[in-house]
Amino acid sequence: MAYELKRARQFTESVKVGDEVIPVILDIDSMAADFNRKYNAVIRAEAEIRKHMEAGVTAENMEAVQAAYGNAIVALFELVFGTTGAEKILAFFENKYIEMLTEVLPFFLEVVVPTLNAAANEKREKLANIHKAKQHNKFFRGGRR
């Protein structure tokens, strides 16, 4: 019996935007860390906007903070939906980021994040099993290697 080598799993889903269906292909192994980094950037930018609003900063003086928020959202969308898909979503929502996030965030929280977490847990278990097997083999070979 031959040992089977497997490629990293890809997750495929789609999102309907207006009349158009946008494919979502997540390369789970390569994008988990990038997704977390970009998702956290959105959260930090959102917190920065809240902080400025609570401090009484006027909308005109929040331009840089709002730009950072928009850039963080676009970067996350491009990662998940691809550049073309992100552009279509932005056009559909007419660059209304709050409305867009309100609609898209459930997809991230209910589909993308659990999928990435499950893949990370699966990989962690697989690596732990490899480590256990390696330790087991060391024991039976008299500690060599």
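Quick caveat: nothing in here was measured; it's all calculated off a predicted structure.
Following chains of ILVMFWY side-chain contacts shorter than 4.5 Å, one cannot reach Val104 starting from Val21, and the two form parts of different hydrophobic clusters. Hydrophobic clustering of Ile, Leu, Val, Met, Phe, Trp and Tyr side chains at less than 4.5 Å, counting indirect connections, unites Ile22 with Leu105.
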Can you give each donor-acceptor pair under 3.5 Å made by side-chain atoms of residues 84-91, sequence neighbours left out, with the distance rounded to 0.1 Å?
residue : atom : partner : partner atom : Å
Lys88   : NZ   : Glu20   : OE2          : 2.6

Distance-only donor-acceptor hits, side chain of residues 37-47, under 3.5 Å, sequence neighbours excluded:
residue : atom : partner : partner atom : Å
Arg37   : NH2  : Asp34   : OD1          : 2.3
Asn40   : ND2  : Asn36   : O            : 3.1
Glu46   : OE2  : Tyr69   : OH           : 2.9

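For Glu48, the salt bridge (Lys or Arg N to Asp or Glu O under 4.0 Å) partners at least two apart in sequence or on another chain are Lys51. When the side-chain contact (heavy atoms from CB on, under 4.5 Å) test is applied to Met53, the partners found at least two apart in sequence or on another chain are Ile49, Met62. Every residue meeting the side-chain contact (heavy atoms from CB on, under 4.5 Å) condition with Phe107, not counting sequence neighbours, appears here in chain and number order: Glu13, Val15, Val24, Val80, Phe81, Val111, Val112. Scored by the side-chain contact (heavy atoms from CB on, under 4.5 Å) test, Glu99 finds Phe93, Lys96 as partners (sequence neighbours excluded). Residues passing the side-chain contact (heavy atoms from CB on, under 4.5 Å) test with Leu5 are Tyr3, sequence neighbours excluded.
Residues Pro114 and Phe108 share a closest heavy-atom pair of CD-O, 4.0 Å.
For the pair Phe92 and Asp19, the minimum side-chain heavy-atom distance is 4.5 Å or more.
Sequence neighbours left out, the pairs with a member in residues 109-122 that pass side-chain hydrogen bond (donor to acceptor under 3.5 Å, both in side chains) are Asn121-Arg124.
Using a 4.5 Å cut-off between side-chain heavy atoms of Ile, Leu, Val, Met, Phe, Trp and Tyr, Ile25 forms no hydrophobic cluster with any other residue.
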